[in-house]
There are 2 protein chains.
Amino acid sequence: MASSYEHPRAALTVDCVVFGVDDGDLKVLLIQRDLEPFRNRWALPGGFVHVDETLEQAALRELREETGISRVYLEQLYTFGSLARDPRERVITVAYYALVKLTDHAVQAATDAREAAWFAVTDLPKLAFDHDEILATALARLQAKVRYEPVGFELLPQKFTLTQLQRLYEIILEHPLDKRNFRKKVLALDLLLELDEVEQDVAHRAARLYRFDERTYRALVKQGLHFEI
Amino acid sequence: MASSYEHPRAALTVDCVVFGVDDGDLKVLLIQRDLEPFRNRWALPGGFVHVDETLEQAALRELREETGISRVYLEQLYTFGSLARDPRERVITVAYYALVKLTDHAVQAATDAREAAWFAVTDLPKLAFDHDEILATALARLQAKVRYEPVGFELLPQKFTLTQLQRLYEIILEHPLDKRNFRKKVLALDLLLELDEVEQDVAHRAARLYRFDERTYRALVKQGLHFEI
DNA sequence: CCAAAAGTGTTCACGGTACACCCATGC
DNA sequence: GCATGGGTGTACCGTGAACACTTTTGG
């Protein structure tokens with residue numbers, strides 16, 4: 001390896017695709033840029049990586065600073081390095097995606113005065129930089145991942161009904177599922193704890209609430225469980 | 001986004017995990033370092049990303065320079081950014097993995113005088129930096145990917161026997177497969193072209209040769225084919 | 001003729017899918 | 001009592017898994 005000091009360096013950023021689900025829609029959290037380039041355009045939350053923090057720390061810090069969100073499921077997505085993705089100079093960005101429970105994270109004003117807002121993925125504005133591409137990549141990853149890993153629960157409240165869970169899968173996968181088969185399948189996994197509670201304040205028969213049993217899940221994974229919806 | 005000029009920058013490298021399959025073993029191409037740190041240790045081929053090349057271009061260039069390999073299947077793996085992964089300074093590395101046909105790529109002396117050699121993944125030396133971790137990540141990815149995408153063919157010669165293909169899967173997945181079921185399944189996919197040729201110079205009945213029909217595969221993928229072994 | 005690997009079908013168990021009605025509750 | 005969603009079971013089909021013998025060829 002040659003000395004790294006001899007050459008100009010690319011800048012390094014992180015960007016986060018934050019997903020949430022909200023009555024019938026899969027949503028993404030965007031912030032409105034207040035600086036050039038792409039001033040006033042909507043963009044993914046993100047920013048420069050400090051030299052003394054890990055990539056994941058940088059992603060979490062930017063999320064906190066720009067959107068007020070702090071406890072989330074976060075996973076690295078892909079690193080984007082096209083030559084002209086930032087018009088100012090060479091910038092490589094490591095993209096992450098995050099899953100949040102919208103019930104816990106009402107939209108907060110960003111701490112640094114940029115506006116933050118949730119957009120349905122089916123109705124997005126044109127984004128800054130190559131953020132359209134990053135978002136599309138994240139969506140594809142979420143759709144693939146949700147089939148074989150129980151990440152969907154990160155998007156629901158702790159206590160949820162089976163119908164809510166089914167709706168979640170239908171929203172993400174973009175096709176309807178059969179109610180009886182869905183229930184049979186998820187209950188057969190033995191990963192849901194049936195609670196002694198039902199939903200409140202509904203104008204019809206109240207549905208039973210369930211909780212995802214993460215402890216059991218981790219144990220079963222070690223024994224070679226293959227989660228699949 | 002704040003100006004990127006105000007802060008010290010991390011260095012950016014690419015590293016490549018190059019897989020090949022050779023009579024019964026899954027192998028990885030390593031180079032021996034001739035500089036500190038980790039002088040004389042084996043390491044993944046890789047190096048600094050130039051400011052005017054994409055990440056993929058950098059990976060391909062380093063592969064060519066350090067190992068002489070040029071036409072390969074290449075895919076981004078993961079970006080590693082621990083604080084102390086390089087003892088000299090902060091270095092982020094974007095890892096790629098590559099699949100090569102060993103028949104086409106006999107081990108070549110590296111052009112810059114470092115030694116390059118193939119190692120069975122079951123018998124690896126201790127590697128420089130966090131390259132053990134990168135390699136383990138690549139291996140897990142290959143094992144997952146080979147089940148649901150036809151990447152295995154990148155590791156075989158253009159013309160191969162069904163037994164060679166089965167051996168390949170057994171080597172990567174690390175468990176034996178049933179011969180009749182395996183043949184039934186891969187032939188049912190209709191992605192193999194039966195050639196009018198048989199293998200040569202074997203001391204027993206010669207097996208028929210097949211070729212992977214990439215054209216048909218691409219067409220079927222568009223129609224929603226789900227390849228799976 | 002012997003050694004070595006090629007090639008080939010059937011049975012069984014299980015999981016996926018399709019499908020419709022009664023029940024509980026709030027208003 | 002009516003509207004709304006909650007909750008439940010069965011029959012069929014296709015795929016995955018287990019399993020052993022005959023054929024071809026070279027030496």
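For the numbers below, each heavy atom of this structure counts, side chains included, while hydrogens, waters and symmetry mates do not. This is a predicted model, so every value here is computed, not measured. A, B, ... follow the sequence lines: proteins, then strands. Residue 1 opens every chain.
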Side-chain touch B/Leu55/A/Thr79, heavy atoms, less than 4.5 angstrom = yes

Could you tell me how far apart [X] ([atom1]) and [N] ([atom2]) are, to the nearest whole angstrom?
{"X": "A/Glu199", "N": "D/dG5", "atom1": "CD", "atom2": "P", "answer": "11 Å"}
{"X": "A/Arg167", "N": "D/dG6", "atom1": "CZ", "atom2": "C1'", "answer": "16 Å"}
{"X": "B/Gln166", "N": "C/dT8", "atom1": "CD", "atom2": "C1'", "answer": "14 Å"}
{"X": "A/Leu189", "N": "C/dG15", "atom1": "CG", "atom2": "P", "answer": "12 Å"}
{"X": "A/Ile229", "N": "C/dT17", "atom1": "CD1", "atom2": "P", "answer": "11 Å"}
{"X": "B/Glu194", "N": "C/dA6", "atom1": "CD", "atom2": "P", "answer": "15 Å"}
{"X": "B/Phe182", "N": "D/dA18", "atom1": "CZ", "atom2": "C1'", "answer": "17 Å"}
{"X": "B/Glu228", "N": "D/dT15", "atom1": "CD", "atom2": "P", "answer": "13 Å"}

ask   = When the aromatic ring centroids of A/Phe129 and A/Phe38 are compared, is their separation below 6.0 Å?
value = yes

query = Can you check whether A/Phe153 and A/Phe160 have ring centres sitting under 6.0 Å from each other?
reply = yes

ask   = Under 4.0 angstrom, heavy atoms only, what part of the nucleic acid is B/Thr161 near: base, sugar-phosphate, or nothing?
value = nothing

query = What does B/Arg183 touch in the nucleic acid at a heavy-atom separation under 4.0 angstrom: a base, only the sugar-phosphate, or nothing?
reply = base

request  = Would you please say whether a donor-acceptor pair under 3.5 Å links the side chains of A/Thr54 and B/Arg85?
outcome  =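 No - no donor-acceptor pair under 3.5 Å links their side chains.
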
query = B/Leu155 pairs by side chain to side chain contact (heavy atoms under 4.5 Å, CB included) with which of B/Thr103, B/Ile172, B/Asp22?
reply = B/Ile172

inquiry  = On a heavy-atom basis, which atom in A/Trp118 and which in A/Ile69 lie closest, and how many Å separate them?
reply    =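 What the structure gives for the nearest pair is CZ2-CD1, 4.4 Å.
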
key: Audit row: B/Glu133, B/Phe80, side-chain contact (heavy atoms from CB on, under 4.5 Å) steps and yes/no   = CA-CA 9 Å; B/Glu133 185 188 352; B/Phe80 294 82; 3.9 Å; yes

query = Relative to the ring of B/Tyr217, is the ring of B/Phe212 parallel (under 30°), tilted (30 to 60°) or perpendicular (over 60°)?
reply =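 The arrangement is tilted - the two ring planes meet at 30° to 60°.
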
message = Within a 6.0 Å radius of atom NZ on B/Lys159, are there more than 12 heavy atoms belonging to other residues, nucleotides or ligands?
response = no

message = Please determine whether a side-chain nitrogen or oxygen atom of A/Lys185 lies at a distance below 4.0 Å from atom OP1 or OP2 of C/dG15.
response = no

Just the atom pairs and distances: protein N or O near nucleotides 22-27 of chain D's N or O, under 3.5 Å.
unit_1 : atom_1 : unit_2   : atom_2 : d
D/dT23 : O2     : B/Arg205 : NH1    : 3.3

Between protein and nucleic acid, restricted to nucleotides 19-21 of chain D and to nitrogen or oxygen atoms under 3.5 Å apart, what atom pairs and distances do you find?
unit_1 : atom_1 : unit_2   : atom_2 : d
D/dC19 : N3     : B/Arg180 : NH2    : 3.3
D/dC19 : N4     : B/Asp178 : OD2    : 3.2
D/dA20 : N1     : B/Arg180 : NH1    : 3.4

